[in-house]
Amino acid sequence: MKVKPGKSERVARRKPVPKTAIIFQGGAARGAFQLGAMKYLDEIGVKPDIIIGSSIGVINACLYASGGIEKMEEFWTSFKGGLNLASAGLHENVLLGNSLFSMRRAFEIFEGYFDFPRILESSIEVSFILTNLSKGTGELRSNRTEKTWEDLRTISRIGYTVPGLYPPIEFKGDYWCDGGFVWNVPFEYALKRGAKRIFMLLCIGRSLPRQDKFKSIYQVLSRFYDVMWVHAGSSGIMHRDFSDAMYHGIEAHIVEPTDYLGGFGLLNIFSFHPSKAKKFIEQGYRDARAQIKNPGK
């Protein structure tokens, strides 16, 4: 004789899994840290309904939507970046253009790992933070706003086109570039999209170690960009109270490096290497395991 479950049991079975958002902060080669954090989230059964990426986070978002953790790992454990990401073009240089370098070679390399038709059709909402230079605004576009995979490819390119280093991209009549300095951790957007669980994977963190000497313009600019990235781009979370991993009834987790992963300088931006990535991945896993407590409980 079968025993019918009680009302409380039936309700529990029908209880939906809260909508989950994962935010990938920008931070150049430090983005490998986020793979380590994602490996831990995957281990404890966290699956995203929404992914929001800024700068290197756009690349991580595209990797995940193209093939999950495996695709992210393929990229970070094989990719070697250097001066091949800093090629010059006839009209893409400091003398005849509006940037130091061309992005053409970088696009070819990165996009060898992406599957844009798959990202466009993904059940996961994949959003990118962009700066609209023409309008002077920070905006989000996604696989829900674009109609073709070619347009999706364009907005992904915009997402990691660092202004000054690379030329802005024309799209829909406006000029655009990387949105990290404007809106690097869009916690508010995740709230508006109805997320009940939000995981913010920071690869820079909310504070910087003290620096006492600035002997060159390179050191000054590197430090200035890091301060901008932390305080301007991440202002949405700097002054909010996330104690006990909650914010006004919303589950909100922050994972950030316990050890500084290096500054914004050109050498760090272009320094992608498997051995370096491995260290960041391991640290990301350790920090996520230590900092995420009882998600969904």
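Note: hydrogens, waters and symmetry copies are ignored here, and every other heavy atom, side chains too, is used. Numbers here simply count residues along the sequence, with the first being 1.
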Q: Please find out if less than 6.0 Å separates the ring center of Tyr64 from that of Phe24.
A: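 No; Phe24 has its ring centre 6.0 Å or more from that of Tyr64.
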Q: Under the 4.5 Å side-chain heavy-atom rule for ILVMFWY, direct or indirect, which residues accompany Leu140?
A: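 Taking Ile, Leu, Val, Met, Phe, Trp and Tyr as members, Leu140 shares its hydrophobic cluster with Ile23, Ile50, Ile52, Ile129, Val182, Trp183, Val185, Phe187, Tyr189, Leu191, Ile198, Met200, Leu202, Ile237, Phe242, Tyr247, Ile250, Ile254.
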Q: Any Lys/Arg nitrogen of Lys279 or Glu282 sitting under 4.0 Å from an Asp/Glu carboxylate oxygen of the other?
A: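 No, no charged N to carboxylate O under 4.0 Å.
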Q: Tell me whether Arg157 forms a cation-pi arrangement with Phe107, defined as NZ or CZ under 6.0 Å from the six-membered ring centre and within 45 degrees of its axis.
A: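 Relative to the ring axis of Phe107, which defines the angle, Arg157 lies inside both limits.
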Q: Hydrophobic cluster membership, with links at side-chain heavy-atom distances under 4.5 Å among I/L/V/M/F/W/Y: are Tyr260 and Phe214 in one?
A: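 In one cluster with Tyr260: Phe214, no.
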Q: Any donor and acceptor pair, going by atom type alone, linking the side chain of Asn60 with main-chain N or O of Gly31 inside 3.5 Å?
A: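 Such a contact is found between Asn60 side chain and Gly31 backbone.
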Q: With a 4.5 Å heavy-atom cut-off, do Phe171 and Asp151 have their side chains touching?
A: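 They are in side-chain contact.
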Q: Tell me whether the count of non-hydrogen atoms from other residues, nucleotides or ligands lying under 6.0 Å of CZ in Arg289 goes above 12.
A: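 No, CZ of Arg289 has 12 or fewer neighbouring heavy atoms, counting only those of other groups under 6.0 Å.
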Q: Looking at Ser66 and Asp115, would you say the former's side chain and the latter's main chain have a donor-acceptor pair under 3.5 Å?
A: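 It does hold such a pair.
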Q: Assign the ring pair Phe75 / Phe79 to parallel, tilted or perpendicular, where the plane angle (0 to 90°) is split at 30° and 60°.
A: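 Taking Phe79 first and then Phe75, their aromatic rings lie parallel (interplane angle under 30°).
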Q: Can Asp178 and Ser55 be said to form a side-chain hydrogen bond (donor to acceptor under 3.5 Å, both in side chains), step by step?
A: CA-CA 6 Å; Asp178 186 318; Ser55 200; 2.6 Å; yes
Q: To the nearest 0.5 Å, how far apart are NE2 in His253 and CE in Met246?
A: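 So the NE2 of His253 and the CE of Met246 are separated by 8.5 Å.
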Q: Anything under 30° is parallel, anything over 60° is perpendicular, the rest tilted; go ahead and classify Phe181 against Tyr225.
A: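 Ring orientation of Phe181 relative to Tyr225: tilted.
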Q: If the condition is salt bridge (charged side-chain N to carboxylate O under 4.0 Å, His left out), which residues does Glu43 pass it with, not counting sequence neighbours?
A: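 Checked Glu43 against salt bridge (charged side-chain N to carboxylate O under 4.0 Å, His left out); zero matches.
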Q: Is it true that a side-chain atom of Gln291 and a backbone atom of Glu256 form a donor plus acceptor pair closer than 3.5 Å?
A: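 Yes, Gln291 side chain to Glu256 backbone: donor-acceptor pair under 3.5 Å.
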Q: Would you give the length of the straight line joining atom CZ of Phe116 to atom OG1 of Thr154, rounded to the nearest 0.5 angstrom?
A: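 The distance works out to 8.5 Å.
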Q: Supply the atom-to-atom distance Leu63 CG to Ile119 CD1, rounded to the nearest 0.5 angstrom.
A: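 Reported value, rounded in 0.5 Å steps: 8.0 Å.
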Q: For Trp76, which of Phe280, Phe33, Tyr113, Phe272 qualifies under ring-ring contact (aromatic ring centres under 6.0 Å, His included)?
A: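 Answer after filtering Phe280, Phe33, Tyr113, Phe272: Phe272.
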Q: Looking at Arg193, Lys196, Lys19, which one forms a side chain to side chain contact (heavy atoms under 4.5 Å, CB included) with Asp49?
A: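 Running side chain to side chain contact (heavy atoms under 4.5 Å, CB included) over Arg193, Lys196, Lys19 with Asp49 returns exactly one hit, Lys19.
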Q: Is the closest basic N to carboxylate O distance between Arg30 and Asp226 below 4.0 Å?
A: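 Yes, this pair counts.
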Q: For Leu130 and Asn132: C-alpha separation, side-chain torsions, deciding distance, then whether side chain to side chain contact (heavy atoms under 4.5 Å, CB included) applies.
A: CA-CA 6 Å; Leu130 315 177; Asn132 186 322; over 6 Å; no
Q: Would Met38 and Ile22 count as a side chain to side chain contact (heavy atoms under 4.5 Å, CB included) here? Give the steps.
A: CA-CA 9 Å; Met38 285 296 290; Ile22 292 179; 3.7 Å; yes
Q: Report the C-alpha distance between His248 and Arg240 in whole Å, list the side-chain angles of each, state the deciding distance to 0.1 Å, and finish with yes or no for side chain to side chain contact (heavy atoms under 4.5 Å, CB included).
A: CA-CA 10 Å; His248 293 187; Arg240 284 191 162 101; over 6 Å; no
Q: Is the backbone N or O of Ser142 less than 3.5 Å from a side-chain atom of Glu125, with the two atoms forming a donor-acceptor pair by type?
A: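 No.
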Q: Is Glu150 paired with Arg153 through a side-chain N to carboxylate O contact shorter than 4.0 Å?
A: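 So Arg153 does not pair with Glu150 through a salt bridge.
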Q: Report yes or no: does Asn184 contribute a side-chain atom to a donor-acceptor pair with the main-chain N or O of Gly26 at less than 3.5 Å?
A: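 Present.
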Q: With distance as the sole test, does Ser122 use its side chain to make a donor-acceptor pair with the main-chain N or O of Arg118 at under 3.5 Å?
A: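 It does not hold such a pair.
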Q: Taking the side chain from Lys293 and the backbone from Ala290, do they hold a donor-acceptor pair closer than 3.5 Å?
A: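 Yes; at least one donor-acceptor contact below 3.5 Å.
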Q: Decide whether Tyr175 and Val58 are clustered together by the hydrophobic rule: side chain heavy atoms of Ile, Leu, Val, Met, Phe, Trp, Tyr closer than 4.5 Å, transitively.
A: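 No, Tyr175 and Val58 fall in different hydrophobic clusters.
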Q: Between Gln34 and Gly57 (side chain of the first, backbone of the second, donor and acceptor by atom type, cut-off under 3.5 Å), is there such a pair?
A: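 Side chain of Gln34 to backbone of Gly57, a donor-acceptor pair under 3.5 Å: no, none is there.
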